[in-house]
Amino acid sequence: MPDSPAPGPGAAHHGSAADPTTLLLASARLTDGRTVDVRLGGGRIQAVGTAGSLPSPAPSRVDLSGYLLLPAPAEPHAHGDTALTADADGPVPYTVDEVQRRATEAALLQLGHGATAVRSHVRIGDVHGLRPLEAVLQARRSLRGLTDLTAVAVPRLLTGVAGADGLAMLRDAVKMGAAVVGGCPDLDPDPTGFLEAVLELAAEHGCPVDLHTDGDDPARLARLAAMAGGLRPGVSIGPCAGLSRLPLDAAARAADQLAAAGVRVTCLPQGNCAALERRSPRSAPVRLLRAAGVRVAAGSGALRDAANPVGRGDPLEAGYLLASQGGLRPAEAYEAISAASREAMGLPEVRVEAGFPAELLAVRGDRIAAVLSLAYSRIVIHRGRVVARTSAVREYCDSAVAVALDLPRQGRMEPGP
């Protein structure tokens, strides 16, 4: 479940030499152009000051010269149970051990890219029952301290005779530890009945709702907005690529209805996922949704499975696509994979200011546009400690041209934790 809300900047705590969890991030560049030192402790940002200004009782220090320091991304739409199965020989195994291995490997891959929190949609029912969910919950426990993994229970049917078992299994899934309830109303013979069942169960247990929908039916979206309005802790839908196929006036009306109801949209710029039988080469109309006031997050979706054999699970790639193809400015694109995604997942806000959670990503570069373009070297910080590091070195052959042009290169990192 999400953490409690972060205190404001005035709630800073001061570290001491006796605190072994204290970490100093030295000479980091911020998006406003400042170069600062950042002291972390107790899972939070303790202090931010000009470079060299902070006393350093910290037993650990990381030199972030040449790095841009950002709030860490979050992954709001993953499929850990099906991830990394595209190259399977024969039927995909769904034993608990195999699904746990896949979900763990996928979450670590996403963590290495910078996502310190992952929401994984997990199919339940059919021949596999609750085993995939059991496996993802085991992966969640094994990854504690490295990344925050939460599970969305995704039943196929919830209405009619066939749906009775699905509804009972969804209730069992929540009791097991699924933090979010979901599914795909589009695939149920009675989409409205499916939605009613999910919203009723979510209200009963105080769970967020996160639904798959293509979004190509304006009447269905209007009903969803009318039914979901006011539900707490909130409703997200995605990937909504079908909105891009609607006439502009119909899409704009749907966006206005979603905004009025407080329904968030999670788009998948890297491609759809296997939960939808209809796939679209286009993404949701992000600019239209944002203009209407809809909070739009961005996820990765399929990761090397039947829906996408080459998925990367990289939030920065989703941000890159929003900036290069979605019409967003780089800062807006990064906000979609960080602040908006964390908000959609019910996680506390992160800023590089004292008092906020120490969920951070340092990427070699000097501004967000550069980070979204060439994010080779990354340092990932979760709960105040370095949990992943990727270092890349770019070198050119010894030539007069390279020397004369002073070509950029990705430098080697100093050793650190």
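Sequence positions, counted from 1, serve as the residue numbers for this chain.
For Ala162, the side-chain contact (heavy atoms from CB on, under 4.5 Å) test picks out Leu157, with sequence neighbours left out. Take Arg287 and apply the salt bridge (charged side-chain N to carboxylate O under 4.0 Å, His left out) test, not counting sequence neighbours, and it matches no residue. Here Ser338 pairs with Tyr334 under the side-chain contact (heavy atoms from CB on, under 4.5 Å) rule; sequence neighbours left out. Scored by the salt bridge (charged side-chain N to carboxylate O under 4.0 Å, His left out) test, Arg102 finds no partners at all (sequence neighbours excluded). For Asp249, the salt bridge (charged side-chain N to carboxylate O under 4.0 Å, His left out) partners are Arg253, not counting sequence neighbours. The side chain to side chain donor-acceptor pair (under 3.5 Å) check on Arg329 picks up Glu332, with sequence neighbours excluded. In terms of the side-chain contact (heavy atoms from CB on, under 4.5 Å) criterion, residue partners of Ala117 (sequence neighbours excluded) are, by chain and number, Ala74, Asp148, Met345, Leu347. Legend: residues meeting salt bridge (charged side-chain N to carboxylate O under 4.0 Å, His left out) with Asp37, ordered by chain and number and at least two apart, are absent. Every side-chain contact (heavy atoms from CB on, under 4.5 Å) that Pro155 has, sequence neighbours left out, goes to Ile124, Leu158, Leu170, Phe194.
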(message) Evaluate Val122 against Leu137 for side-chain contact (heavy atoms from CB on, under 4.5 Å), listing each step before the verdict.
(response) CA-CA 10 Å; Val122 184; Leu137 293 175; over 6 Å; no
(request) Run the numbers on Arg367 and Thr31 for side-chain contact (heavy atoms from CB on, under 4.5 Å), then give the verdict. (result) CA-CA 6 Å; Arg367 60 192 188 281; Thr31 55; over 6 Å; no
(request) Please report the C-alpha distance between Thr192 and Arg223 in whole Å, then the side-chain angles of each, then the deciding distance to 0.1 Å, and finally whether the side-chain hydrogen bond (donor to acceptor under 3.5 Å, both in side chains) criterion is met. (result) CA-CA 8 Å; Thr192 300; Arg223 286 194 297 271; 3.1 Å; yes
(message) I'd like to know whether Cys184 forms a side-chain contact (heavy atoms from CB on, under 4.5 Å) with Arg156, so could you lay out the CA-CA distance, the side-chain angles of the two residues, the decisive distance to 0.1 Å, and finally the verdict.
(response) CA-CA 7 Å; Cys184 184; Arg156 183 171 178 83; over 6 Å; no
(message) Test side-chain contact (heavy atoms from CB on, under 4.5 Å) on Val286 and Val265; report intermediate values, then the result.
(response) CA-CA 9 Å; Val286 175; Val265 170; over 6 Å; no
(request) Please assess Glu75 against Ser341 for the test side-chain hydrogen bond (donor to acceptor under 3.5 Å, both in side chains), listing each intermediate value before the final yes or no. (result) CA-CA 7 Å; Glu75 174 51 70; Ser341 289; over 6 Å; no
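Side chains of Asp97 and Thr95: a donor-acceptor N/O pair is absent below 3.5 angstrom, by distance only. A side-chain donor-acceptor contact under 3.5 Å links Asp186 and Thr213. Side chains of Arg29 and Thr35: no donor on one and acceptor on the other come within 3.5 Å. Between the side chains of Thr159 and Asp188, at least one donor N or O sits under 3.5 Å from an acceptor N or O.
Taking CG of Asp126 as the start and CE of Met169 as the end, the distance is 8.5 Å to the nearest 0.5 Å. Rounding to the nearest 0.5 Å places CD1 of Ile337 at 14.0 Å from OH of Tyr320. In this structure, the separation between CG on Leu303 and OG1 on Thr82 is 8.5 Å, given to the nearest 0.5 Å. Rounded to the nearest 0.5 angstrom, Thr104 OG1 and Leu146 CG are separated by 10.0 Å. Taking OG1 of Thr116 as the start and CD of Glu359 as the end, the distance is 4.0 Å to the nearest 0.5 Å. Between the CG atom of Leu322 and the OG atom of Ser283 there is a distance of 6.5 Å, given to the nearest 0.5 Å.
One N or O on the side chain of Arg378 and one on the backbone of Ala375 form a donor-acceptor pair closer than 3.5 Å. Within the 3.5 Å criterion, the main-chain N or O of Leu246 finds no donor-acceptor partner in the side chain of Asp216. A side-chain donor-acceptor contact under 3.5 Å links Arg342 to the backbone of Pro348. Not one N or O on the side chain of Thr22 forms a donor-acceptor pair closer than 3.5 Å with the backbone of Gly41.
More than 12 heavy atoms of other residues, nucleotides or ligands sit less than 6.0 Å from atom CG of Asp32.
Using a cutoff of 4.0 Å between basic side-chain nitrogens and carboxylate oxygens, Arg295 and Glu335 are scored as salt-bridged. Ion pairing of Arg220 with Asp214 is absent here, as no side-chain N (NZ or NE/NH1/NH2) approaches a carboxylate O to less than 4.0 Å. The existence of a salt bridge linking Arg131 and Glu134 is excluded, since no basic side-chain nitrogen approaches an acidic carboxylate oxygen closer than 4.0 Å.
The only option from Thr266, Leu258, Val209 that meets the side chain to side chain contact (heavy atoms under 4.5 Å, CB included) definition with Ile237 turns out to be Leu258. Here the rule is side chain to side chain contact (heavy atoms under 4.5 Å, CB included) with Arg304, and of Leu109, Thr85, Asp87 only Leu109 fits it.
Shown here for Gly301 and Leu268, the closest heavy-atom pair between the two residues is N-CD2, 3.7 Å. Considering every non-hydrogen atom in both Arg351 and Ile45, the closest pair reads O-CD1, 3.2 Å. Nearest heavy atoms, Ala139 versus Ala103: CB-CB, 4.1 Å.
Ring geometry for His121 versus His77: interplanar angle under 30°, hence parallel rather than tilted (30 to 60°).
For residues 127-180, the ring pair (Phe, Tyr, Trp, His ring centres under 6.0 Å) pairs, not counting sequence neighbours, are Tyr94-His128. Pairs of residues two or more places apart, or lying in two chains, that qualify as side chain to side chain donor-acceptor pair (under 3.5 Å) and include a residue from residues 200-209 are Arg171-Glu204. Contacts classified as ring pair (Phe, Tyr, Trp, His ring centres under 6.0 Å) and involving residues 135-161 (residues at least two apart or in different chains) are not found.
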